[in-house]
Structures are given as C-alpha cells and as structure tokens.
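Letters A, B, ... are given to chains in the order of the sequence lines, protein chains preceding strands, and every chain is numbered from 1. All values below were derived from every heavy atom in this structure, side-chain atoms included, with hydrogens, water molecules and symmetry-related copies excluded.
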Amino acid sequence: MTPDLKVQLAGIEFANPIMTASGCCGYGEELAGVFPLSKLGALVTKSITLKPRLGHPPPRTAETASGMLNAIGLANVGIDQFVAEKVPFLATQKTRIIVNVAGSKLQEYIEVATRLDDCEVVDMIELNISCPNVDEGGMEFGADPKMTEKSVAAVKKVFSRPVIAKLSPNVTSIVQIAQAAEQGGADAFSIINSLVGTSIDIETRRPRLTNNRGGLTGPAIKPVALAMVDAVYRSGCRPPIIGIGGIADYRDVVEFMLCGASAVQIGTALFIAPDTPVKIARDLKAYLKRTKLQSVTELIGKVKRY
Amino acid sequence: MTPDLKVQLAGIEFANPIMTASGCCGYGEELAGVFPLSKLGALVTKSITLKPRLGHPPPRTAETASGMLNAIGLANVGIDQFVAEKVPFLATQKTRIIVNVAGSKLQEYIEVATRLDDCEVVDMIELNISCPNVDEGGMEFGADPKMTEKSVAAVKKVFSRPVIAKLSPNVTSIVQIAQAAEQGGADAFSIINSLVGTSIDIETRRPRLTNNRGGLTGPAIKPVALAMVDAVYRSGCRPPIIGIGGIADYRDVVEFMLCGASAVQIGTALFIAPDTPVKIARDLKAYLKRTKLQSVTELIGKVKRY
Amino acid sequence: MSKIACQDTLITKKRHLSQDYFSLTFSPVSRANRCVPGQFIHLLLPSTDVTFRRAFSVASVSEDGNELEIIFRVVGRGTTLLAGLAKGDRVNILVPLGNRFTIPRKNERVLLIGGGIGFPPMMFLASRLLAKGHPADKIEFFYGGRSKDDILERTRIKKLGVRFHPVTEDGSFGEKGLVTQPVERVISEATGEKMRMYACGPEPMLKAVEALGVKYGIPGEISVEAPMPCGFGVCLGCVLPLKAGGYTRVCTDGPVYPFGEVVL
Amino acid sequence: MSKIACQDTLITKKRHLSQDYFSLTFSPVSRANRCVPGQFIHLLLPSTDVTFRRAFSVASVSEDGNELEIIFRVVGRGTTLLAGLAKGDRVNILVPLGNRFTIPRKNERVLLIGGGIGFPPMMFLASRLLAKGHPADKIEFFYGGRSKDDILERTRIKKLGVRFHPVTEDGSFGEKGLVTQPVERVISEATGEKMRMYACGPEPMLKAVEALGVKYGIPGEISVEAPMPCGFGVCLGCVLPLKAGGYTRVCTDGPVYPFGEVVL
Ligand SMILES: Cc1cc2nc3c(=O)[nH]c(=O)nc-3n(C[C@H](O)[C@H](O)[C@H](O)COP(=O)(O)OP(=O)(O)OC[C@H]3O[C@@H](n4cnc5c(N)ncnc54)[C@H](O)[C@@H]3O)c2cc1C
Ligand SMILES: Cc1cc2nc3c(=O)[nH]c(=O)nc-3n(C[C@H](O)[C@H](O)[C@H](O)COP(=O)(O)OP(=O)(O)OC[C@H]3O[C@@H](n4cnc5c(N)ncnc54)[C@H](O)[C@@H]3O)c2cc1C
Ligand SMILES: Cc1cc2nc3c(=O)[nH]c(=O)nc-3n(C[C@H](O)[C@H](O)[C@H](O)COP(=O)(O)O)c2cc1C
Ligand SMILES: Cc1cc2nc3c(=O)[nH]c(=O)nc-3n(C[C@H](O)[C@H](O)[C@H](O)COP(=O)(O)O)c2cc1C
Ligand code: FES
Ligand code: FES
C-alpha cells in the first residue's frame, strides 16, 4: 500500500503537507512553469496589502552562511489588482490557495480580509503579523500578545473560512503569542517567519540591504524554527501548526512533523531548487514506506523526547 | 606605521579586540597548547557556578547548517576548584582574564563574584544571565529587564572591577534588556549568547541532544548577532559592546565593529580552527593598512547606514 | 507561465580560456534548443558554501540542441567553486531564463558591443543572426577589455566572419582605449543606413552605449546584471528601478531592456 | 598543556582500499613524529557542508616523521567529502591529539583486536611494538569484519610477521564468526603467559572484549569514539560517563581507556 500524504488542518483537507511559503512563490504563475501546482498541498501567496507596494530599493537580498537576508519591503500588487489579475489564475490551479495578508494598521488587515472573503478560491488566510504596527508606534503586531489577539479576532470576524496566524520568532516567548492568537480565534499557526538580521559590506561599509536589516531565512534558521514549533506544540495549544524555516529536504519535513507540525512551508529552498516540493513529496513517501507508516499524520508530534 | 589593534573597554586596555568566548576555550590550558594566549585581547572562561556541575549526559552537541547546537549544561569545576586549580595557570598568562559567571539563583552569582573579587588576575566578570532563573520559576534572568537590572546591580556591589552583562538573543527587545543592564550598572555588554534551537534524528526519532534543545551558535547566527549589536549601539546605550556570534574571520570582526562593537569574542570557530584568533589579528592589521586606518577603534560604529 | 526545466546536467567540456576565464559545456540539457540570445541559466553549485544559484548567459547551444555553453570569469566564491569543477561533474541548472534580444531586420547594421565578460551573449547573438541569414558584413562585433588577456575566443569570433573590433585599455590587443570609441566611429562613418545596437558589459559601458544611442538616435538594447536569488521571478530580489517609476525584475522582465528603460 | 599543531597539509597519496574504504597520506605534517599509537588527528574538510572537524586514528607515520596516514570508511557527509578529495588537495589537521596505548612489557603476549574500521590504530600499535623490539610471535592480530571486503591491508598486516587472525561474519575470509571467538581461543590455549589486550572497534565488540578481560583477568585497553566538536578538550562535547561517576572527555582523557573505566 502506498503511504498516504493527506493531512487535515482546520477542517480542510490537503493533498499533502507541503506548502510553498509566502514571498517565495509569488502568486504561483512562475512556479507553475517548473511543476504543476497540483503537486502542492497548498500555495501561500506573497503578502497582500490594501494598497500596492513597490517595496524597498535594491539591494534587497544578501547571502549569508547557509541562509539569506531579505528586505523586499512587502512589494505586492495590492488587493485590487490581486483579485483582478492573480485570483483568476489561482482559480485554475488544482491546489489549496492560502493568501497571506499584511498591513501596518489593523484596519488594513480587516479590509483585505473582507475582500478575500468574497474570493471562493481562497481556502484560508495567513496573517503576517510580523509587520511594524504603525498604530502602536512601530512595534510588530506579532511581538505583542494583546495586538496579536486583537488582529486575529478582527480578521476572524470578516473572513468566514479558517485563519492562520503566522508568528514572528523575534519574541521572548512564542508560546505566549501563540496562546494569544488562539484566544483571538486562530485556526492554525505558521511558525516561523524570518529572524531579524543584517550584513555589512566591509569594503563600502554599507549594509548589504538598503533597509539596513532584513529577515534571515534558509537552513541556518532551521534549529530555531524547530525549537519554536516544538515549544508551541508542547504547550498544548489546540490549533495545528504549519512548520516553516530552512526546510530543504524530506528529512527536514520529518523533523518538523515529529516536533508537532501538521504541515510545512518551503521558502528559501525554492530559490535553491524550485522543484523541492515535488522531491520532498516523493522522498517523504519513500520514508513512510521504509518506516512502515501508512499515513504522514502518524509522524505528528511523535518525537521521543528525553 | 603598523596599525594599532589596542582597544579600551570600561577603562581597561586590551592588546587587541579579539577574545575567546565562554565555553569555547575551557580554562585556557588546552588553547595555550595551540598558540600563546598573549595573542588574545582576553580569554573568557567557561561559565563558573558556585558548585561544580557535571553537565548534561551525552549527546551534548549536534551539527547544523553552518552552525552547531550545544547543551553542555554548564559543566564546570565550580568556584572552589576554579580558584584553586585554574586561576594559578591563568595568572601566568599574559592576557586579560574575564571570568564568566552563571547561576540559577541570584545568591549564587553574588557568592561566585565575591570570591572572584579576591582573585586579582580576574580583570572582569562576564555575567551569563541566560540561565533559567530558579527563583522566578525558570524564566531566564536575561529575558526579564527587572531581573537583569537586579542581578547586574547585585554583582556590581560585590565585585570591584568592571562587570559585563552577556545578553540573551531570545528576547523581543534586546535594547530593553541592555537598558536594564545599564541601569543596573553594567560596564559593558556581550552580545549575543546562543539562540534556542533543536534538531531531531529522524531514524531514532530522538532529539540529538539529551537536553531536548540547546544553543545554536556558529556562522549561521551571525546576521542575527550583528543586527542585535547594531540595535543596541544605535539605541545610544553608554556601555561598550563586545560582539559575539558566528565570527570566523577578520571580515566578520570588521562587520561587528562597524556595527558598534568595541571588541569581539570567538566561540564555535575555535572548534573549526583553534588558531582563528591569531589569523584574525594578522588579517585585521592588513585590512587596517589597506584601508589606511591607524587604529582598529576607528572602525567602531562606522557603518554607513542607509 | 513559461516552462522552466530544473535539471541535473553534466560538465562535458571545460576549457581554461585565459587567466580567470573558463568555458563550460553542459550536456544533456533539455530545453537547450529553446534558448535564444539574451537568455541565461541559473546554476546551483554542489556546495552549501554559497546559498544562491549563479546566473550565466548562454554563450552557445549545439546544433542538436543538447549542449549548452557558458563562459565565465572567476570573481568571487561561487565562480571560484565553479572553476574548481571538472569534466564529468554534475550540476543543477534552471533553463531557459529571462527574455531575449529583439531580432533585427536583415537590412539593419547590427552593432554588438561586449565589454569584458559581457561578450558571451553577444557571441551567441552574432552566431544566431548569421544562422538566420543576417549578412556577416552587416554585423559589427565590438569587444572591449582591459588587456589582451581579457579578449577571449578571438579565433572563434573571427571565424564567424563578422567585422571584429577588439579594443583594449592598454592597447595590448586591437585598438587602444574604450570600446565606445570604435562604436562611435562606425556610427559616424555609416551613411544613412539603419542601425541597431546590442550591449552587454559593465555598467559604465552600458551607460556610455545608451548615451551614444540617444546622441545618434539609434535604437538598441542592453543586457543588465543583478544579484539573483531565484532567477525565475518569485523572490523580487533582483529588481532595478525603472525610469518610468517602480521596479523591474531583471530575471524575468529582463535581463534585456531597450535603451533608456532602467535606471542604471 | 600539550602542544598541538593546527596546520595545512597536502594529500600526497590516496588509495582506494575496497568499496567504501580509503587510505590517505598527508605530508608535510609537523609533529607527525610525535604521534604514538592511540592518538588521532582532527581533520577540517574544505567545505562548510559540515561544521565540525572529523577525527581519524593515526594509521601510520613515515620513518622520517613527515608523513601521516589515516584509513577511513565512508559513513556520512564528512567522510563522503573526504573520499572526494584527491592527491594534491589541501586540508587542515590538528595533530597529535588524545592519549595513547600503554606499551606492554616484552614478555607479555599482546592481543590486538580490531573490528571493522577500528583496525588502523591496531596496525599502528603493532608496527610500533615491533619497532620497539616486541617479538612478532607474541603479537596476535585479530581483525573482524562483516565479509572479505571489510578486511583491509591484508598483505600489509601479514608482512608485519605478527600472528594474523582474520575473522568474517559470513566466513568469506578467515575464520567465520565474531572476532571474540579466536580471541577467547587464544586466551584459553595460552599457558601461564602474561597477556594484555588492546581493542578498537564497534561498541558491542568493545563490550565483549572487556567481558573477556574480566572473565580471564587480563588487563587491557579500548579505544572509543564520540562525536568531537573541538578535539582538544575545550568544548566538553565528546564526553562519556565514567563508571566511577562524572564524565570523561574522550578527546583529551581518551580515546584510550583501561577496561572497565567508561560506561559504554
Ligand atoms: C543575467 C546574468 C547573466 C550573467 N552572465 C554571466 C556570464 O555569462 N559570465 C560571467 O562570468 N558572469 C555572468 N554574470 C555574472 C555572474 O552571475 C556573477 O559574476 C556571479 O554571480 C558572481 O558570483 P561569485 O560568487 O563568484 O561572486 P560574489 O561576488 O562572491 O557573489 C556574492 C553575491 O553577489 C551576487 N553578485 C555579485 N555580483 C553579481 C553580479 N554582477 N551579477 C549577479 N550577481 C552578483 C551573487 O549572486 C552572490 O549572491 C551574469 C549575471 C547575470 C545576472
Ligand atoms: C578518536 C576517533 C578516531 C577515529 N578514527 C577513525 C578512523 O581511523 N577511521 C574511520 O573511518 N573513522 C574513525 N573515526 C570515526 C570517524 O570520526 C567518523 O566516522 C566520522 O566522524 C563520521 O563523519 P561523517 O560526516 O562521514 O558521518 P556523519 O554520521 O554524517 O557525521 C555526523 C556527525 O556525527 C558525528 N559522528 C558520528 N559518528 C561518529 C563517530 N563514530 N565518531 C565520531 N563522530 C561521529 C560527526 O562528528 C558529525 O558531527 C574515529 C572517531 C574518533 C572519535
Ligand atoms: C525573499 C523572501 C520574501 C518573503 N516575503 C514574505 C512575505 O511577504 N510575507 C510573509 O509572511 N513571509 C515572507 N517571507 C518569509 C517566508 O514565508 C518564511 O516564513 C521564511 O522564509 C522562513 O522559511 P524558509 O527558511 O524556508 O525560507 C519571505 C521570505 C523570503 C526569503
Ligand atoms: C560548546 C559551547 C559551550 C558554551 N558555553 C557557554 C557558557 O558556559 N557560558 C556562556 O556564557 N556562553 C557559552 N557559550 C556561548 C558562547 O560563549 C557564545 O556566546 C556563542 O557560542 C556564540 O558565539 P559563536 O557563534 O562564535 O560560537 C557556549 C557555546 C558553545 C558552542
Ligand atoms: S531573482 Fe528572484 S525575482 Fe528575480
Ligand atoms: S571534542 Fe571538545 S572537549 Fe572533546
């Protein structure tokens, strides 16, 4: 019997636990040139904001040891153009569609989520609460339990399908933030977004990013992401976890699932090898076969802690 | 003229800005077999606690992408044996000696610091406030501004020479913690200690560390460390910063100093190449010459931010 | 949604051209036959010493469409690793990426201008134009470098039969000076003929070529560079500002742009 | 404070011994002449694909003390990378590291027991003992492996003139079974002679050898393994529990321990 890769999150079934991470697969069009998107459990779009955003001036990315920094600046077409030009393509794709939503004011999140509620093709919303919160003086929504709860609750009110809270790792206690998001009604967690980092060119003495700092992603951060997934899972939060951070092969996926993730997202690895999700699905099946498991769900949370 | 590597921190002069990080150079004896310790700006000892500690059962370390995890468990000989057996050797070494102090109760820090005040060879104390605080229910001292201030202030009272606060990166705002440490009287900051991370063996399904999680260090974390040094420096804190995290060559040192570090510590790189400090000192001199600087201090904080 | 092949391929030929310059031929390469001048490949080095792939213009494609050649210069970590690979080694490439040079009409005089390691796409364009029947004496191939060692594949270019104008800054080969000198001379000597320029090379050269285009009212295209995390349009890391405002993704909207479109 | 050289060296010889087994010779190696049996080197691979160095027992040292040999088996990422290196490639090594085997008295019958890739330090010990004048017929060299392909350097070991006891689990070479069989036979056949055992190999083998030592009251030493971040005593990452309580650093207090000292 060939092992089953199907997973359920918040009542929705996914063909497999492998999703592409926000900001790393555009709006799906280009990736569809590499492999059929039906191979994915879900596609998570670039963060969508109320108004179009051009993003930061280049350079926007830098290489780091086993990772990268990015400060794209939430460049995106804005909700209007997204609905008009990107949703029609997504509607033709045989995969789950999760739209990542960002904003610097709570009202922006609400308006974007309201618009998305009308797009039936959008299976879920993923709230990027790692953006600086203009209302509260620049501190990230996701760094403050109260703001986290408030923003999840507000979006839940206007979006009728499941809402994922994407948590920032740049906090003292991710468990506390997860609990707040659960309190606000989050149906799932995405853990983690990128770590704050920077890099300097010692010849020009300039930061390698015009934004002066950016988000660290890629294999370098995997141990941190894994520990955070593990911590939230152990804390007994009810919503399922989507593990993110440095995943590059099936082994990484198994690690995340053993620590409690019900699904995963692939970000930076798509740049290194865009066909990573396809390879992972194949290798994951082989792993399940080899370890005599019928379903990938049997891995969830099964790490044997000391 | 050959460029000058001397730096001053808290009124103490160091032959160069290159120190070895706590836990990565033992008590100096073994490293002295590789190069004369006089080549170092300072040696920072393994964390010393009041009582000897055996540490965690093996496995205590794991490799990760461009980094490593460790959960040594503060294994150390304890203050008595340290003073009796290790200090005599250190006293013969022509370098600055910084003793890293750890504990799980405030009283432990105070007692160890009191003992060290009598050891003249100890130039400075570095407070490892990243240990779980038993008094306060396990939360790290260094994750809580109030406890940070309190512990620095308490140690300052019993130790008459400068005290460095070694800050944990596992916090929402390292600037807030630095400000608290400054308030408590910290004479300098060491930034950063290791990030919490984990790794799972997918064949045995066991964590790769018996402690289930550990500290992530090495090149992987450099961007995070650099951003934290940068943030604290920009915040206008008065105490000088010792930059730590993933430093492996002179370029890394220059990056840290441009971001505001007055000195640096080398940890994981000592395992990869124990002669790293010697090579860095040599290459740093060449860099200063090439960029026509007289003194390494001219680098401090000179990044040209966008 | 253009089809991109993410494929393992083998190095079947390695040539050390001079000093830091190498030519590598890969085979088999599916979709190599689809590659057109201006396009590039994105190459994954078999080491985590570098995170990103590295972009290289297609320098040639074999007639059977199975082999693909790049020519590169060692400038940093990635290209050092690449230069260390040998015949028989496996690499992973994405191909074909990017847009393409506009094909000129047969009556147009074509000015191909390559600066340093910018010459490979010019060479590919020249041979494709010849294959499509563009008269060889209507193709002017300008190739600038610092000194003799930077002017590569001289025999190969001469064999094409195009009008070859090598230029070196130190005069050690061809004309002495900057490549734009003979370009401007050829332009001013031309009489009433329609012309079109194509350039790839360092930024100052591209700017100078654009300036000539404006000065003499000659249309043309430049191929630009940017660091490219993904190479196929999804990361938004390779952007350059557009004169009209906003940003363009060099990997998918470029690397070829008409004169005056991007802010260099 | 023992002196350790952190040095670049070249691979001057590479031999593919069988399947996954290789021998590498490094030269020049300062302090190679100081290496004694039981000691090891810590090798830095020229790639960030692995973070830590990798430990390998010294298999031999040339007479001029300039060359050092290791023999290794490909088991994971590090050894795969190592197997990919070629003659002329540069690596960095720390040498000499660790403690050493106790030198037996000349009248003692020496039982050297190597299991799988544990044989190189046994071979080094055998040749050093011979060089020091230990009678060859008082050296019993037991070498166990899964099958014929795991019994390496057979001619070389035979040439030493010691009493060679190859053993394979499948019987494809030498005696069929586990290496402890002939060990126990030799022990029981010995009459009143003083004996001493040395073993290096997989954990179950070391346990079995220790058990034999206890059963027959024969002293001996085992060489153990542990993952080694630093290799020279500063990280406390390589510890094993001691029977007497507490931990021992395998890299500096070991890798050689008398029977019964560490908890395996
Ligand atoms: C479309 C395109 C076509 C190219 N064609 C060729 C070619 O045919 N032959 C050739 O020799 N070179 C070509 N280049 C440039 C080549 O990609 C760079 O020289 C190479 O990426 C440098 O890598 P490195 O690791 O050796 O250098 P490093 O400087 O160490 O690279 C460090 C980082 O900077 C980025 N980077 C630095 N400079 C450039 C640059 N100019 N372009 C892109 N990324 C850069 C790298 O991606 C990497 O992230 C092309 C670039 C582009 C964008
Ligand atoms: C003192 C000593 C002497 C040794 N002598 C030899 C020798 O002569 N020939 C030989 O083939 N091998 C020897 N080994 C074992 C050799 O070090 C390991 O096979 C090698 O480190 C595995 O590396 P890898 O990356 O290929 O394997 P991986 O399993 O991919 O390594 C992953 C990680 O585990 C660690 N690790 C895993 N297994 C071991 C192990 N058994 N010992 C140490 N670290 C381990 C590695 O350091 C690394 O961190 C010796 C080990 C020690 C400690
Ligand atoms: C270039 C780039 C752009 C990103 N943009 C977004 C974004 O718009 N919204 C968001 O929530 N996360 C964004 N991320 C974060 C990723 O979705 C993911 O959380 C992170 O990269 C960690 O996963 P990885 O290590 O697999 O890349 C971006 C990451 C990268 C590398
Ligand atoms: C094996 C190991 C043990 C460590 N032990 C200590 C310690 O006892 N006390 C402490 O303050 N930091 C300790 N650290 C943290 C280092 O001092 C340093 O802050 C950290 O490793 C980051 O620097 P690096 O990336 O250069 O290693 C340890 C690090 C490692 C790798
Ligand atoms: S390189 Fe990623 S969008 Fe162009
Ligand atoms: S390997 Fe570091 S102490 Fe032994």
In terms of heavy-atom proximity below 4.5 Å to chain A, should B:T204 be classed as side chain, backbone, both, or neither? backbone
Heavy atoms only: give me the nearest A:F271-A:G23 pair and the separation to one decimal. CZ-O, 4.2 Å
Under the 3.5 angstrom rule, does the side chain of B:N70 hit a backbone N or O of B:T61 as a donor-acceptor pair? no
Count the heavy-atom pairs under 4.5 Å between each of B:T291, B:L299, B:L69, B:L226 and chain A, then report the option with the highest count. B:L226
Chain B: which of A:L195, A:V224, A:N211, A:V254 shares the most heavy-atom pairs with it under 4.5 Å? A:V224
Just wondering, more than 12 heavy atoms not from A:R251 lying within 6.0 Å of its CZ? no
Checking A:L167 against A:M228 for the side-chain contact (heavy atoms from CB on, under 4.5 Å) test, could you report, in this order, the C-alpha distance in whole Å, the side-chain angles of both residues, the deciding distance, and whether it holds? CA-CA 10 Å; A:L167 307 186; A:M228 289 189 165; over 6 Å; no
Under 4.5 Å heavy-atom distance to chain A, tell me which part of B:I202 shows up: side chain, backbone, both or neither. both
Heavy-atom proximity to chain B below 4.5 Å, by part of A:R208: neither
Go through B:T64, B:V196, B:D201 and name the one with the most non-hydrogen pairs under 4.5 angstrom from chain A. B:V196
Within the distance-only criterion (no hydrogens, no angle test), does the side chain of A:N193 pair as donor or acceptor with the backbone N or O of A:S130 below 3.5 angstrom? no
Where at least one partner belongs to residues 296-306 of chain A, residue pairs that pass salt bridge (Lys or Arg N to Asp or Glu O under 4.0 Å), sequence neighbours excluded: A:D230-A:R305
Interface moiety of A:F256 toward chain B, non-hydrogen atoms closer than 4.5 Å: neither
Among the options B:G214, B:A220, B:P207, pick out the one with the most heavy-atom pairs lying under 4.5 Å from chain A. B:P207
